[in-house]
Amino acid sequence: MPPPTSAGSMPGNTGPMPGNAAPRGATPVMVALGAGIGTTQSIPVAADHAPGVPRRDAVLGLMGQPAQPQSQPLLAKRTGSPRMRALGLAAVWAVLLCLGGLVCGTWGLIAILSGVTPSWYEPTIVVVGVFGLALAAAAFPLAERRLVPWALLGGSTVTLVVGYVLTASAS
């Protein structure tokens, strides 16, 4: 199909068009692959489509259909930046976790060096400690979310308690 040379019956569009340009009110689309590479065909769009309807929906004829509901994700962002009070509380919580981890780690190191711990203790406490540290560290890049940083810091607190329980049971 050769490219159109004028807009035809579209009001306000008269005269020749350069190259394969589509007339105003029409959207160029690719024709079937057998028609040739780069060949376009213009599909007219009704001028009476609703102003709020995106052009893609108007071209595809989706104007009269109800829009698909856009569900809000459960972990939706707030306004884009964390509030300073929430960030400060998260930082204080993380410092307390750090101090607690240092105490637990020192206790575990003394137990390991004294030779009273079973063979399972050392790799287990390392995995639990690294996992808790990763949870606490992940809370800060996600501080703009509503509940995620608090859930991550809570998970880190649980791993600290597990570390204390493991250390107490091993020594």
Side-chain angles (χ1 to χ4, degrees), residues 20-22 24 26-33 37-38 40 43 45 49-171:
N20 276 348
R24 190 176 338 168
T27 301
V29 295
M30 293 299 292
V31 180
L33 290 176
I37 297 175
T40 59
I43 299 175
V45 177
H49 74 276
V53 176
R55 183 154 179 85
R56 177 188 166 275
D57 292 346
V59 169
L60 296 176
L62 302 174
M63 296 183 319
Q65 299 176 2
Q68 296 292 333
Q70 297 289 333
S71 62
Q72 278 284 0
L74 288 175
L75 305 175
K77 287 185 178 183
R78 284 187 181 174
T79 60
S81 62
R83 292 196 330 244
M84 286 297 121
R85 183 182 317 146
L87 194 58
L89 287 173
V92 168
W93 191 349
V95 165
L96 293 176
L97 285 173
C98 180
L99 293 175
L102 284 173
V103 170
C104 182
T106 304
W107 182 16
L109 179 65
I110 292 171
I112 289 171
L113 292 177
S114 66
V116 296
T117 59
S119 62
W120 57 265
Y121 173 74
E122 189 174 345
T124 305
I125 198 68
V126 167
V127 168
V128 168
V130 168
F131 184 67
L133 180 65
L135 288 175
F140 287 95
L142 299 171
E144 67 208 21
R145 306 283 178 153
R146 203 174 288 269
L147 298 175
V148 175
W150 307 115
L152 290 171
L153 288 170
S156 183
T157 304
V158 168
T159 60
L160 180 62
V161 170
V162 167
Y164 274 109
V165 170
L166 289 173
T167 304
S169 66
S171 36

Anything under 3.5 Å between a donor and an acceptor, one on a side chain of residues 110-117, the other on a protein residue two or more places apart or in another chain? List them.
from, atom 1, to, atom 2, distance (Å)
Ser114, OG, Ile110, O, 3.2
Ser114, OG, Ala111, O, 2.9

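- To the nearest 0.5 angstrom, Leu160 atom CG is 10.5 Å from Leu99 atom CG.
- Note on residues 94-109: no pairs pass side chain to side chain donor-acceptor pair (under 3.5 Å), not counting sequence neighbours.
- Rounded to the nearest 0.5 angstrom, Leu166 CG and Cys104 SG are separated by 8.0 Å.
- At most 12 heavy atoms of other shown residues, nucleotides or ligands fall within 6.0 angstrom of atom CZ in Phe131.
- Across every non-hydrogen atom of Ala136 and Leu97, the tightest pair is CB-CD1, 4.5 Å.
- Applying the side chain to side chain donor-acceptor pair (under 3.5 Å) test to residues at least two apart or on different chains, the pairs with a partner in residues 156-171 are Trp93-Thr157, Tyr121-Thr167.
- Closest non-hydrogen pair, Ala170 versus Trp120, comes out as CB-CH2, 4.2 Å.
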